[in-house]
Amino acid sequence: MAYDKDNVFAKILRGDIPSAFIYEDDYAVAFKDIHPKAATHVLVVPKNAYTDLNDFMLNADADEVYAVMQDVRKVAQQLDIIDAGYRVVVNVGAGAGQEVPHLHFHILSNKES
Ligand code: AMP
């Protein structure tokens, strides 16, 4: 699937749609999900244009994969949900419920942050 540069997360990353980043580094940003499905629901969104996890694993280099996965952990640490526990969910493909065709990691916890 070709990357759609007008998807909502591409617009957020470009600054076309305002969003409050709770975390940002060279590789990814994180912001609260607009329709939270848990007490804490944050999205970690890589800055580069990957449609989904398959695209990422086939095309990102190892340094980028490592950095983005560290970002998921860093954001969980920043949210102070490591001890409470949390889920990391990645929907891959419309058939699995992926609505936004830009790779993102859902971080969900029953603990408020
Ligand atoms: P998925 O179904 O895995 O593609 O998840 C997309 C997620 O993005 C959903 O949980 C939406 O609530 C969330 N979402 C969509 N638009 C925005 C937005 N502008 N800001 C924050 N979250 C959003």
Side-chain angles (χ1 to χ4, degrees):
M1 178 176 52
Y3 183 80
D4 169 16
K5 63 181 176 34
D6 288 325
N7 74 76
V8 64
F9 292 168
K11 289 179 178 173
I12 287 173
L13 286 163
R14 281 200 298 272
D16 293 351
I17 295 176
S19 181
F21 296 158
I22 65 160
Y23 179 87
E24 178 172 13
D25 66 13
D26 289 346
Y27 295 95
V29 301
F31 49 86
K32 291 184 178 177
D33 195 291
I34 202 167
H35 295 127
K37 293 172 185 68
T40 293
H41 188 173
V42 166
L43 302 170
V44 176
V45 180
K47 288 186 171 178
N48 284 335
Y50 300 109
T51 56
D52 61 20
L53 189 64
N54 292 320
D55 185 17
F56 186 54
M57 296 310 297
L58 287 168
N59 295 303
D61 66 25
D63 286 351
E64 185 177 10
V65 173
Y66 180 82
V68 169
M69 295 315 299
Q70 284 288 2
D71 284 346
V72 172
R73 180 194 60 76
K74 287 180 195 173
V75 170
Q77 189 166 44
Q78 179 179 309
L79 292 166
D80 193 25
I81 56 172
I82 300 279
D83 290 343
Y86 61 97
R87 292 190 296 135
V88 178
V89 174
V90 186
N91 295 319
V92 184
Q98 183 180 0
E99 293 172 5
V100 180
H102 181 116
L103 174 64
H104 51 281
F105 299 80
H106 297 255
I107 296 179
L108 301 127
S109 177
N110 293 331
K111 182 186 174 196
E112 279 190 39
S113 55

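Every value quoted in this text rests on a predicted model; they were computed, and no experiment measured them. Atoms within each ligand, like the ligands themselves, are counted from 1 in listed order.
- Residue contacts with ligand 1 include Ile12, since one of its heavy atoms falls under 4.0 Å from the ligand.
- In terms of protein heavy-atom proximity, atom 8 (O) of ligand 1 is closest to Phe9 CZ, 3.4 Å.
- Contact annotation: for Asn91 versus ligand 1, heavy atoms closer than 4.0 Å belong to the side chain alone.
- An N or O contact shorter than 3.5 Å links His106 to ligand 1 by distance.
- With a heavy-atom cut-off of 4.0 Å, Lys32 touches ligand 1 through its backbone alone.
- Ring-centre distance between His104 and His106: below the 6.0 Å cut-off.
- Scanning all protein heavy atoms for the shortest distance to atom 4 (O) of ligand 1 gives Glu99 N, 2.7 Å.
- Listed by chain and number, the residues in a salt bridge (charged side-chain N to carboxylate O under 4.0 Å, His left out) with Lys32 amount to none (sequence neighbours excluded).
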Inset, instruction - Kindly indicate, with the supporting measurements, whether the criterion side-chain hydrogen bond (donor to acceptor under 3.5 Å, both in side chains) is fulfilled by Thr40 and Ser109. - result: CA-CA 5 Å; Thr40 293; Ser109 177; 5.2 Å; no
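- Asn54 and Tyr50 are not linked by any side-chain donor-acceptor pair at a separation below 3.5 angstrom, with hydrogens and angles left out of the test.
- Hydrophobic clustering places Val65 together with Leu103 (ILVMFWY residues linked when any side-chain heavy atoms are closer than 4.5 Å, directly or through intermediates).
- Panel note: side chain Lys111, backbone Asp80; a donor-acceptor pair is recorded below 3.5 Å.
- Nearest-heavy-atom check against atom 5 (O) of ligand 1 across His41, Lys11, His35, His104 picks out His104.
- Taking distance alone, with nitrogen or oxygen atoms compared against 3.5 Å, Ile34 approaches ligand 1 more closely than that limit.
- Residues Tyr66 and Tyr27 keep their aromatic ring centres 6.0 Å or farther apart.
- The hydrophobic cluster containing Leu13 does not contain Val75, counting ILVMFWY residues as joined when their side-chain heavy atoms lie under 4.5 angstrom apart, directly or transitively.
- By the criterion of a heavy-atom distance under 4.0 Å, the side chain of Leu43, and not its backbone, is placed next to ligand 1.
- Looking at atom 11 (C) of ligand 1, its nearest protein heavy atom turns out to be Asp33 OD1, 3.4 Å.
- For ligand 1, the atoms closer than 4.0 angstrom to any heavy atom of Lys37 are 10 (O).
- When only interatomic distances are considered, the shortest N/O to N/O separation between Gly97 and ligand 1 falls below 3.5 Å.
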